[in-house]
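First the structure, in the form of structure tokens, and then the observations on it.
All heavy atoms count here, side chains included; hydrogens, waters and symmetry mates do not.
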Amino acid sequence: MALLNVLCYPDPRLHKVAKPVAQVDDRIKKIVADMADTMYEAPGVGLAATQVDIHERILVIDVSDEQNNLQVFINPEIIWASPEKKSWREGCLSVPEFYDEIERPAQVRVKALDVDGKEFEIDADGLLAVCLQHELDHLQGKVFVEYLSFLKRTRISQKLKKRAKELAGER
């Protein structure tokens, strides 16, 4: 397995809309495995293919404390969301070291394919519901900071650009 490079906000590639996976084959299974390795190494609880510059509808998530319950979602879509909202403090591997409160539906039902290409549905609440919505946003080309005020977004973007320049200068 290989570790993939995670794109950092405000990279414009994070705003590409992912295309549906036509067929779950060995290529897709390798992408899933590499994404899982990348997510666990980061460490994170979710990763969308868009974040590793693969613009196909693939998510990997593991919200277990032990990080031993990988969930794979291929061509995921929210088919129901509760009217009740809940606010969570979110972070993102593509926006390192920045966290903020985001309000989202408290529960969702998601339909997707698993790593073997079998369709399934899952009802989610709590951290899994937040993570699914956050990662699905990535597949639509949206980063969680876009829910924040223009001022906060601009400040985060400037700090990350500055950090990227400093890291490039060290190489």
Exercise. So, are Lys30 and Asp34 salt-bridged, with charged N and O less than 4.0 Å apart?
Worked result: yes
For this session: Locate the shortest heavy-atom distance separating Gln67 from Pro43; write the atom from each residue and the value.
Result: OE1-CB, 4.5 Å
Problem set entry | Donor-acceptor contact below 3.5 Å, side chain Arg153 vs main chain Leu148 | yes
Problem set entry | Arg155 side, atom CZ; Ser149 side, atom OG - distance, nearest 0.5 Å | 7.5 Å
Exercise. Taking all atoms of both residues into account, what is the closest heavy-atom pair of Pro10 and Lys161, and its distance?
Worked result: CG-CE, 3.4 Å
For this session: Run the numbers on Val72 and Ile74 for side chain to side chain contact (heavy atoms under 4.5 Å, CB included), then give the verdict.
Result: CA-CA 7 Å; Val72 176; Ile74 298 169; 4.0 Å; yes
For this session: Check whether any side-chain N or O of Glu146 sits under 3.5 Å from a backbone N or O of Val143 as a donor-acceptor pair, and report yes or no.
Result: yes
Exercise. Do Val115 and Val52 belong to the same hydrophobic cluster, where Ile, Leu, Val, Met, Phe, Trp and Tyr are linked whenever their side-chain heavy atoms lie under 4.5 Å apart, directly or via other members?
Worked result: yes
Exercise. Distance-only, no hydrogens or angles: does the His15 side chain make a donor-acceptor pair with backbone N or O of Gly141 under 3.5 Å?
Worked result: yes
Exercise. So, for Ala48 and His138, which heavy atoms are closest and what is the spacing to 0.1 Å?
Worked result: CB-CB, 3.5 Å
Seminar exercise, completed: From the list Val32, Leu139, Ile58, Val110, side chain to side chain contact (heavy atoms under 4.5 Å, CB included) with Phe73 holds only for Val110
Problem set entry | Interatomic spacing from CD in Gln71 to CG in Asp114 - rounded to 0.5 Å | 11.5 Å
Exercise. Roughly how far apart are Met35 CE and Ile61 CD1, rounded to 0.5 Å?
Worked result: 9.5 Å
Seminar exercise, completed: Between Tyr9 and Ser157, the two heavy atoms sitting closest are CE2-CB, 3.8 Å
Problem set entry | Donor-acceptor pair, side chain of Asp25 and main chain of Arg27, under 3.5 angstrom | yes
For this session: Mind checking the NZ-CG spacing from Lys142 to Leu14? Nearest 0.5 Å is all I need.
Result: 14.0 Å
For this session: Show your reasoning for whether side chain to side chain contact (heavy atoms under 4.5 Å, CB included) applies to Trp80 and Gln107.
Result: CA-CA 8 Å; Trp80 174 83; Gln107 299 172 305; 3.8 Å; yes
Exercise. Linking I/L/V/M/F/W/Y whenever any side-chain heavy atoms sit under 4.5 Å apart, do Ile122 and Val63 land together?
Worked result: yes
Exercise. Would you say Lys111 and Glu119 make side-chain contact, with heavy atoms under 4.5 Å?
Worked result: yes
For this session: Start with the C-alpha distance between Ile78 and Arg109, add both sets of side-chain angles, then the distance that settles side chain to side chain contact (heavy atoms under 4.5 Å, CB included), and finish with yes or no.
Result: CA-CA 6 Å; Ile78 294 173; Arg109 178 172 299 131; over 6 Å; no
Exercise. Is a side-chain donor or acceptor of Gln133 paired with a backbone partner of Pro105 at a separation under 3.5 angstrom?
Worked result: yes
Problem set entry | NZ/NE/NH1/NH2 to OD/OE distance under 4.0 Å, Lys152 and Asp100 | yes
Exercise. With no hydrogens and no angle check, is any side-chain donor or acceptor of Glu84 less than 3.5 Å from a backbone partner on Ala106?
Worked result: no
For this session: Look up atom CD1 in Ile31 and atom CD1 in Ile54, then write down how far apart they are to the nearest 0.5 Å.
Result: 4.5 Å
Exercise. Will you find, in the side chains of Ser94 and Gln51, an N or O donor that is under 3.5 Å from an N or O acceptor?
Worked result: yes
Problem set entry | Donor-acceptor pair, side chain of Asp37 and main chain of Tyr40, under 3.5 angstrom | no
Exercise. Does Leu47 share a hydrophobic cluster with Leu7, counting links as ILVMFWY side-chain heavy atoms below 4.5 Å and allowing steps through other members?
Worked result: no
Exercise. Around Asp116, counting heavy atoms of other residues, nucleotides and ligands shown, do more than 12 lie under 6.0 Å from its CG?
Worked result: yes
Exercise. So which heavy atom on Gly46 is nearest to which on Cys131, and how close?
Worked result: CA-SG, 3.9 Å
For this session: Have a look at Val60 and tell me which of Thr38, Val45, Leu70 forms a side chain to side chain contact (heavy atoms under 4.5 Å, CB included) with it.
Result: Leu70
For this session: Indicate if Phe98 and Val130 have the same hydrophobic cluster label, given that clusters are the connected sets of ILVMFWY residues with side-chain heavy-atom separations under 4.5 angstrom.
Result: no
Exercise. Between Tyr99 and Phe144, is the ring centre distance below 6.0 Å?
Worked result: no
Exercise. In Å and rounded to the nearest 0.5 Å, what is the CG to CG distance from Asn75 to Leu113?
Worked result: 5.5 Å
Exercise. Can you tell me if Tyr147 and Asp137 form a side-chain donor-acceptor pair at under 3.5 Å?
Worked result: yes
Exercise. Do Leu132 and Pro76 come close enough that some side-chain heavy atom pair is under 4.5 Å?
Worked result: no
Problem set entry | Shared hydrophobic cluster, Leu128 / Phe120 (ILVMFWY, side-chain heavy atoms < 4.5 Å) | yes
Problem set entry | Pair Glu90 + Arg104: basic N to acidic O under 4.0 Å | yes
Exercise. Gln140 and Arg57: side-chain donor and acceptor closer than 3.5 Å?
Worked result: yes
